[in-house]
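So that the names make sense, note that chain A is the first sequence line, chain B the second, and so on, each numbered from 1.
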Protein chains: 2
Amino acid sequence: MDDKDLEILRLVQRDARLTADTISQEIGLSSPAVQKRLKRLRESGVIERDIAVLSPSRLGREMTIIVDVILERESRRHLDEFKRKMRSARCVQQCYYTTGEADFTLILTVRDIKEYEEFTQEHFFDESNISRFRTSVVMDRVKVSLDVL
Amino acid sequence: MDDKDLEILRLVQRDARLTADTISQEIGLSSPAVQKRLKRLRESGVIERDIAVLSPSRLGREMTIIVDVILERESRRHLDEFKRKMRSARCVQQCYYTTGEADFTLILTVRDIKEYEEFTQEHFFDESNISRFRTSVVMDRVKVSLDVL
DNA sequence: GGTGAAAGAAGCCCTGA
DNA sequence: TCAGGGCTTCTTTCACC
């Protein structure tokens, strides 16, 4: 992993459709050299995967909501159960298990507040292990990126 | 935008390297038909872009931190100024302007707690307009996805 | 890491429904 | 108007230097 690798990563984390040829001109290597590096970076897991970023608003998921959740009992079984549910819930984009005041922070995208209300019914109220949760509605998605470098 | 489009989107939002041929077999269309649809979806902005997802831990950004920030004065000028700073701060992956208790929720990736401490020095303490901030350290990135569908 | 040839995928036009 | 077939062009891959 050298400077050339880092340059490649900086480029593809913003645009994965760049051809090896374009990248090679950008950083001063030959096209096959870039491809060999990309292959290595993928196989070694530095590049985890390539994804298409969809527009939530163009697909009718206008609202982004952030929720802090506090569990009642923080046993291994309850934690794993909650994590499993969040992973399989479609409107949960992100779920973090954290130190501090809340146990979990969730980031959801929903069509409207009604869909969020249904989510809370299913996952918070019908779930005896939720102590409290705090909802924040996102007014501006100021920055949403997965850029690491 | 029909069911076939949605099927295509569901596939490429998880793996943008799928070939049109693979997708076509999956959903029962010809390869050129899939390509036409993908092109249309990109041009119309339903697919915003394609990115490579990098592994934060493999690149030495082991820690994920969630910060809630409350500003002192919530004037237009102060809000825009804060947003601008967060957009350009490298370790800020996501920044949301929200209703509720906090004004902003940030998601950061940093090398270590020292790097976070430097971030707070630069952006919170040397910035007279920050009223309070609350830090949560992520213990488990339970789910991190940008899947919309 | 670079070069060149071969395999493969994408883009385009045209036809047919 | 939109899906499918076939051709062309570009990209990737692999063997070799």
Under 4.0 Å between a side-chain nitrogen and a carboxylate oxygen: does that hold for A/Arg49 and B/Asp15?
no
Between A/Lys114 and A/Glu118, does at least one N-O distance fall below 4.0 Å, as a salt bridge requires?
yes
Name all stems that contain residues of DNA chain D, defined as runs of 3 or more consecutive Watson-Crick or G-U wobble pairs, both distances under 3.5 Å.
C:1-17 with D:1-17
Are the aromatic ring centres of A/Phe124 and A/Phe119 under 6.0 angstrom apart?
yes
So if I apply the side-chain contact (heavy atoms from CB on, under 4.5 Å) rule between A/Leu106 and each of A/Ile65, A/Val67, A/Thr135, which one comes out positive?
A/Val67
In short, salt bridge (charged side-chain N to carboxylate O under 4.0 Å, His left out) pairs touching residues 89-101 of chain B with sequence neighbours left out are A/Arg134-B/Glu101
Salt bridge B/Arg84-B/Asp80, side-chain N to carboxylate O under 4.0 Å:
no
Take atom CG of B/Leu29 and atom P of C/dA17, then tell me their distance rounded to the nearest Å.
18 Å
Nt span of DNA chain D in reach of chain A heavy atoms at under 4.0 Å, 5' end first, is D/dT11 to D/dC14
Can we say B/Asp3 and B/Arg10 salt-bridge, meaning some charged N sits less than 4.0 Å from an Asp/Glu carboxylate O?
no
What residues in residues 4-21 of chain B put a non-hydrogen atom under 4.0 Å from any atom of DNA chain D?
none
Side chains of B/Tyr97 and B/Thr105: donor-acceptor distance under 3.5 Å anywhere?
no
Got a sec, which pairs hit salt bridge (charged side-chain N to carboxylate O under 4.0 Å, His left out) with one end in residues 19-30 of chain A, sequence neighbours left out?
none
May I ask you to decide if A/Glu48's main-chain N or O and A/Arg42's side chain share a donor-acceptor pair within less than 3.5 Å?
no
Donor-acceptor contact below 3.5 Å, side chain B/Ser44 vs main chain B/Arg40
yes
Contact check, residues 32-50 of chain B vs DNA chain D, heavy-atom distance under 4.0 Å, returns B/Pro32, B/Ala33, B/Lys36, B/Arg37
Go through the side-chain N and O atoms of B/Tyr96 and B/Gln94 and say whether any donor and acceptor fall under 3.5 Å apart.
yes
